[in-house]
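Both backbone and side-chain heavy atoms feed into the values below; hydrogens, waters and symmetry mates do not. Quick note on labels: first sequence line is chain A, next is B, and so on, each numbered from 1. Small disclaimer: the values here were computed from a predicted structure and weren't measured.
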Number of protein chains: 2
Amino acid sequence: MSEIHTLLASPQPEGARERKRRETRQRIAEVALRLFLAQGYHGTTLDVIAEEAGISRRTFFSYFKSKDDIIMFGLEADWASMIDDLLKTSPDVAPINAIRDLMVRRIERHNTAQMQAIDKLMLSSESLLARKQSFYIKQEQLLFSALCEVWRQPERRPALRMLAMMSIGAMRIALQAWRESTDPNKTVSSFILDAFNCVRAEL
Amino acid sequence: MSEIHTLLASPQPEGARERKRRETRQRIAEVALRLFLAQGYHGTTLDVIAEEAGISRRTFFSYFKSKDDIIMFGLEADWASMIDDLLKTSPDVAPINAIRDLMVRRIERHNTAQMQAIDKLMLSSESLLARKQSFYIKQEQLLFSALCEVWRQPERRPALRMLAMMSIGAMRIALQAWRESTDPNKTVSSFILDAFNCVRAEL
DNA sequence: CATTAAAATGCACTCAGTGCAAACATTAAT
DNA sequence: ATTAATGTTTGCACTGAGTGCATTTTAATG
């Protein structure tokens with residue numbers, strides 16, 4: 001019974017236990033990111049992270065299942081909220097426009113310097129880079145599910161599947177172009193719009 | 001000078017050294033795959049693989065840079081040949097058709113049972129799964145480069161970039177649909193064709 | 001056969017990650 | 001307030017991947 005209650009009443013008390021847990025998790029992530037940026041990913045051991053965060057090495061693993069997960073954790077949360085927004089969209093809008101606008105809005109809320117830093121960090125670890133790319137594909141699945149929720153006609157499903165793939169792909173390409181761009185005046189958003197126009201041009 | 005000679009004369013003697021090295025690499029890969037299928041990925045240690053392959057544990061790392069790499073190795077070689085074929089294509093053909101046909105032809109040369117087995121194997125390791133997906137994205141880059149070689153007009157580049165993304169994406173989706181399909185009569189190729197038609201329908 | 005360079009090996013080490021059981025804190029119930 | 005139940009932290013000992021280094025083995029060449 002208490003389970004059901006918890007599920008239904010999510011914006012609720014939040015006992016001291018949950019709060020502390022959330023805080024610790026956050027602290028680990030912050031400490032780790034700081035150390036990664038200062039001494040590199042491989043140059044930072046879990047022992048040091050645990051120590052700086054004021055927990056034991058063993059306890060670290062009750063918050064993250066691996067070193068890589070510290071970085072992934074931030075990304076996941078961020079995307080979840082975009083999908084939530086998508087679910088509130090009216091089915092009268094063209095899906096591709098809905099996605100494009102949400103992506104642009106989402107990315108404009110970001111600290112680009114931090115994005116660059118994390119991005120660079122990823123390049124220093126094969127496994128981390130792989131997980132980032134793997135993450136894009138997971139997002140594609142989530143996006144597809146969300147699209148199907150909003151635009152419910154079964155006959156559109158295959159097209160929506162492709163659309164999810166193209167949208168995430170366009171974003172990936174846009175971010176890559178931005179990262180490699182030498183012109184500091186071009187914003188991330190402008191690259192996103194370009195990429196979507198390019199898909200559109202062929203659609 | 002001997003370097004240049006070696007470079008120019010690649011289909012050449014192949015000394016006993018190179019042959020042996022190639023054979024050993026192959027043997028390790030085969031042994032490892034057999035063991036993975038029999039006892040699972042995590043259930044197979046590098047010690048056992050090395051022993052079965054008749055080498056020392058340390059030597060393993062002079063053939064593969066990680067355990068994951070054993071699996072990746074096979075995939076890379078396979079794709080390289082497809083890219084080679086693409087480079088021989090006439091620029092008069094529509095690029096999307098060229099890619100589609102090459103993919104279908106390539107996949108039809110494959111042992112589907114083995115494909116399924118490797119696929120299932122990947123699911124048992126997070127890192128391996130991540131690397132597979134990462135691999136797709138690397139292929140996308142290679143494919144894009146190859147497309148630019150054949151269809152050289154600079155103004156087509158952005159479209160070709162998107163095309164590379166969509167092609168790899170379509171293949172990914174096709175393979176996924178095939179993997180999840182319950183109908184044993186539908187071939188992998190048919191799924192690929194469906195996926196490409198779906199892209200085409202929107203193009 | 002002697003020389004030289006590549007490849008294989010053993011050894012000792014670091015670090016990520018896990019299982020287990022004991023200690024500790026929090027919550028709810030009596 | 002005491003107790004019981006439950007969740008969290010910790011230490012310890014272990015496995016397994018991956019690396020650096022010094023040594024030995026093996027193949028290629030004059």
Side-chain angles (χ1 to χ4, degrees), chain A residues 1-3 5-6 9 12-28 31-32 35-36 39-73 124-131, chain B residues 1-3 5-6 9 12-28 31-32 35-36 39-73 124-131:
Chain A
M1 192 185 81
S2 75
E3 294 174 20
H5 180 261
T6 312
Q12 269 299 306
E14 183 192 48
R17 207 167 232 166
E18 278 134 341
R19 200 201 57 245
K20 197 184 161 201
R21 211 174 152 71
R22 196 173 37 73
E23 283 170 359
T24 303
R25 199 184 172 84
Q26 190 60 38
R27 195 172 63 250
I28 297 174
V31 161
L35 291 171
F36 288 159
Q39 349 214 274
Y41 186 73
H42 292 296
T44 310
T45 66
L46 293 184
D47 288 275
V48 176
I49 295 173
E51 177 157 16
E52 288 283 299
I55 56 168
S56 79
R57 202 185 104 80
R58 192 64 187 80
T59 299
F60 168 86
F61 290 102
S62 102
Y63 284 94
F64 296 95
K65 55 179 212 314
S66 72
K67 195 180 175 184
D68 289 355
D69 269 30
I70 306 172
I71 301 288
M72 289 305 145
F73 168 58
S124 70
S125 160
E126 280 244 5
S127 68
L128 209 42
L129 187 60
R131 290 208 48 185
Chain B
M1 190 188 79
S2 74
E3 294 174 22
H5 180 263
T6 311
Q12 269 299 304
E14 183 192 49
R17 206 165 234 168
E18 277 133 343
R19 200 201 58 245
K20 196 184 162 203
R21 210 174 153 71
R22 198 173 36 73
E23 283 170 358
T24 303
R25 197 182 173 84
Q26 190 61 37
R27 194 173 61 252
I28 298 174
V31 161
L35 291 171
F36 288 159
Q39 350 215 277
Y41 186 73
H42 293 296
T44 309
T45 66
L46 292 184
D47 288 274
V48 176
I49 295 174
E51 176 157 15
E52 288 283 297
I55 56 169
S56 78
R57 201 185 105 80
R58 191 68 187 76
T59 298
F60 168 86
F61 289 102
S62 100
Y63 284 94
F64 297 95
K65 56 178 211 313
S66 72
K67 194 179 175 184
D68 288 356
D69 268 31
I70 307 172
I71 301 289
M72 290 304 144
F73 169 58
S124 70
S125 158
E126 280 242 5
S127 69
L128 208 43
L129 187 60
R131 290 208 48 186

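Under 4.0 angstrom from either OP1 or OP2 of D:dT10 there lies at least one side-chain N or O belonging to A:Ser56. The phosphate of D:dG16 has neither OP1 nor OP2 within less than 4.0 Å of any side-chain N or O from B:Thr45.
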Nucleotides 21-30 of chain D: protein proximity per nucleotide (B base, S sugar-phosphate only, - neither; heavy atom, under 4.0 Å): B----BBS--
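For the pair B:Arg21 and A:Tyr41, both in contact range of DNA chain C, the more 5′-proximal nearest nucleotide belongs to B:Arg21.
If you measure from atom NE2 of A:His42 to atom P of D:dT19, you get 9 Å, rounded to the nearest angstrom. Spacing between atom CZ of B:Arg57 and atom P of D:dA17 amounts to 7 Å, rounded to whole angstrom units. Atom CD in A:Glu23 sits about 15 Å away from atom C1' in D:dT8, given to the nearest Å. Rounded to an integer number of Å, the gap from A:Asp47 CG to D:dT10 P is 13 Å. B:Ile49 has its CD1 atom 12 Å from the P atom of D:dG16, to the nearest Å. Rounded to a whole Å, the CD atom of B:Glu51 is 16 Å from the C1' atom of D:dG16.
Residues that satisfy the side-chain contact (heavy atoms from CB on, under 4.5 Å) test with B:Arg19, not counting sequence neighbours, are B:Glu14, B:Ala16, B:Arg22, B:Glu23. Among residues two or more places apart in sequence or in another chain, the side-chain contact (heavy atoms from CB on, under 4.5 Å) test is passed with B:Lys65 by A:Glu126, B:Asp69. Not counting sequence neighbours, the partners of B:Glu52 by the side chain to side chain donor-acceptor pair (under 3.5 Å) test are B:Arg34. Residues forming a side chain to side chain donor-acceptor pair (under 3.5 Å) with B:Gln26 (at least two apart in sequence, or on another chain): B:Glu30. Remark: A:Phe73 pairs with A:Phe64 by the ring-ring contact (aromatic ring centres under 6.0 Å, His included) rule, at least two apart or across chains. Among residues two or more places apart in sequence or in another chain, the salt bridge (Lys or Arg N to Asp or Glu O under 4.0 Å) test is passed with B:Glu51 by none. Residues satisfying the ring-ring contact (aromatic ring centres under 6.0 Å, His included) criterion with B:Phe61, sequence neighbours excluded, are absent altogether. Every residue two or more places apart in sequence or in another chain was checked for a salt bridge (Lys or Arg N to Asp or Glu O under 4.0 Å) with B:Arg25, and none qualifies.
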Donor-acceptor contacts, no H, no angles, side chain residues 41-50 of chain B, under 3.5 Å, sequence neighbours left out:
from: B:Tyr41; atom 1: OH; to: B:Asp68; atom 2: N; distance (Å): 3.2
from: B:Tyr41; atom 1: OH; to: B:Asp68; atom 2: OD1; distance (Å): 2.4
from: B:His42; atom 1: NE2; to: B:Ser124; atom 2: O; distance (Å): 3.3
from: B:Thr44; atom 1: OG1; to: B:Leu35; atom 2: O; distance (Å): 3.4
from: B:Thr44; atom 1: OG1; to: B:Gly40; atom 2: O; distance (Å): 2.7
from: B:Thr45; atom 1: OG1; to: B:Val48; atom 2: N; distance (Å): 3.3

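Taking a heavy-atom distance under 4.0 Å as the criterion, the stretch of DNA chain C touched by chain B extends 5' to 3' from C:dA5 to C:dC11.
Taking both residues in full, the closest heavy atoms of B:Ser66 and B:Arg131 are given as OG-NH1, 3.7 Å, listed atom of the first, atom of the second, then distance.
If you check residues 60-73 of chain B against DNA chain C, the residues with a heavy atom closer than 4.0 Å are B:Ser62, B:Tyr63, listed by number.
Here the side chains of B:Arg27 and B:Tyr63 are not in contact, with every heavy-atom distance at 4.5 Å or above.
A:Ser127 comes within 4.0 angstrom of nothing in the nucleic acid, heavy atoms only. B:Thr44 comes within 4.0 angstrom of sugar-phosphate atoms only, judged by non-hydrogen atoms across all strands, and of no base.
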